[in-house]
Amino acid sequence: MGCTSSKHELSQEDVQFLKTRTTYSEKKIKNWYKGFMADCPNGELTRESFIQIYKQFFPKGRAEHFCEHVFRAFDSDNSGKIDFKEFLQAINITSQGTPDRKLEMAFRMYDCNGDGSIDETEMRRIISAIYELISDEHDQRERQIEADERAMNIFRMMDKNSDGILTREEFIDGCLNDEQLYQLLTQSNRFGDNRGSQSSLDD
């Protein structure tokens with residue numbers, strides 16, 4: 001994000017709130033805010049603008065479907081827009097958070113209907129979206145077959161009691177016990193890392 005100045009000011013109350021909810025210093029919070037307001041002058045990030053930003057980091061793949069799921073995880077109050085506090089807290093989790101916190105956010109992404117569990121259809125949707133994100137346009141069909149197989153293998157491995165749904169605990173435990181799987185299912189952390197480095201926001 002750019003760091004141009006904005007007529008909007010971040011209140012000290014908001015700064016203190018974010019200092020307690022993230023690992024960022026006051027200086028870094030204010031720098032992130034300048035960049036956020038440069039991209040979103042009205043103080044809110046829409047789904048459309050979020051997708052456009054995300055697509056910059058995956059130019060060869062198709063980012064739209066994956067972005068929908070990331071956006072939903074960031075939009076903690078389900079308003080259909082992301083304000084700065086939601087944005088920075090989510091970025092902090094995806095780029096600086098513990099494995100448990102990253103997987104909590106990943107679980108929200110995979111739980112497409114918000115019912116507190118993940119079924120096979122939801123798993124296929126997300127894994128397919130990840131494969132679309134990281135694959136070239138010309139091998140999409142082959143990647144889709146591979147994604148479906150991978151999704152089913154992941155689901156069966158995690159579904160310890162074979163009841164056809166993954167609880168939050170099954171999902172997190174499964175990821176923590178498989179480093180490759182953990183990396184695949186927390187793909188969203190690339191957004192926070194890249195945006196932070198592009199913004200030159202180091203203290």
_More than 12 heavy atoms from other groups under 6.0 Å of CD on Q180_ = no
*asked:* Nearest 0.5 angstrom please: T167 OG1 to I172 CD1, how far?
replied: 9.0 Å
_Pairing donors with acceptors under 3.5 angstrom, does anything connect the side chains of S49 and D39?_
no
_With side-chain contact (heavy atoms from CB on, under 4.5 Å) as the criterion, how do I91 and F74 come out once you've worked through the C-alpha distance, each side chain's angles and the decisive distance to 0.1 Å?_
CA-CA 8 Å; I91 288 295; F74 276 41; 4.0 Å; yes
*Report whether L176 and L166 are members of the same hydrophobic cluster (ILVMFWY, side-chain heavy atoms less than 4.5 Å apart, transitive linking).*
yes
*How are the rings of F171 and Y110 set to each other: parallel, tilted or perpendicular (split at 30° and 60°)?*
tilted
*asked:* For S11 and D14, which I'm curious about, is there any donor-acceptor pair between the side chains at under 3.5 Å?
replied: yes
*Determine, step by step, whether R168 and E104 satisfy the salt bridge (Lys or Arg N to Asp or Glu O under 4.0 Å) criterion, reporting the C-alpha distance in whole Å, the side-chain angles of both residues, the deciding distance to 0.1 Å, and the verdict.*
CA-CA 8 Å; R168 187 184 308 270; E104 284 281 347; 2.9 Å; yes
*Is it true that the side chains of D100 and T98 contain a donor and an acceptor less than 3.5 Å apart?*
no
*Basic-acidic side-chain contact under 4.0 Å: E26, K30*: yes
*Would you give the length of the straight line joining atom CD1 of I93 to atom CZ of R21, rounded to the nearest 0.5 angstrom?*
10.5 Å
*Would you verify whether the NZ or CZ of K19 falls within 45 degrees of the ring axis of Y24 while also being under 6.0 Å from that six-membered ring's centre?*
no
*Between atom OG of S128 and atom CD1 of I145, what is the distance when rounded to the nearest 0.5 Å?*
11.0 Å
*Determine, step by step, whether N161 and E170 satisfy the side-chain contact (heavy atoms from CB on, under 4.5 Å) criterion, reporting the C-alpha distance in whole Å, the side-chain angles of both residues, the deciding distance to 0.1 Å, and the verdict.*
CA-CA 9 Å; N161 61 0; E170 285 176 322; 3.2 Å; yes
*Is the closest side-chain donor-acceptor distance between E48 and Q52 under 3.5 Å?*
no
_Beyond-backbone contact of E120 with R124, side-chain heavy atoms, under 4.5 angstrom_ = yes
*Is the shortest heavy-atom distance from the side chain of C175 to the side chain of M158 under 4.5 Å?*
yes
*Which distance, rounded to the nearest 0.5 Å, do you find between the CD of E146 and the OH of Y131?*
4.0 Å
*Is there side-chain contact between L181 and M157, with heavy atoms separated by less than 4.5 Å?*
yes
*With sequence neighbours excluded, what pairs up with D115 under the side chain to side chain contact (heavy atoms under 4.5 Å, CB included) test?*
D111, N113, S117
*Atom OG in S79, atom CD in E44: separation rounded to 0.5 Å?*
6.5 Å
*Just wondering, do H65 and I126 contact through their side chains at under 4.5 Å, heavy atoms?*
no
*Any chain of hydrophobic side-chain contacts (each under 4.5 Å) joining M109 to I165?*
no
*I would like to know whether R125 and H69 meet side-chain contact (heavy atoms from CB on, under 4.5 Å); could you show each step before the answer?*
CA-CA 10 Å; R125 284 177 63 186; H69 301 299; 3.7 Å; yes
*To the nearest 0.5 Å, how far apart are CD1 in I154 and CG in D159?*
13.0 Å
*Do the rings of F87 and W32 sit parallel, tilted or perpendicular, given the 30° and 60° boundaries?*
perpendicular
_side-chain contact (heavy atoms from CB on, under 4.5 Å) for C40 and T46? Distances and angles first, verdict last._
CA-CA 9 Å; C40 314; T46 64; over 6 Å; no
*Quick one: are E68 and I51 in side-chain contact, heavy atoms under 4.5 Å?*
yes
*What closest approach, in Å, do T22 and L88 show between heavy atoms, and which atom pair accounts for it?*
CG2-O, 4.2 Å
*Determine whether F84 and L45 make a side-chain contact, defined as any pair of heavy atoms from C-beta on separated by less than 4.5 Å.*
no
_Holding to ring-ring contact (aromatic ring centres under 6.0 Å, His included), I want the full list of residues that pass it with F155, two or more places apart in sequence or in another chain._
none
*Keeping the roles fixed (side chain from Q89, backbone from L18), state whether a donor-acceptor pair exists under 3.5 Å.*
no
*asked:* Using modelled atom types and a 3.5 Å cut-off, is there a donor and acceptor pairing between side-chain atoms of D75 and backbone atoms of F71?
replied: no
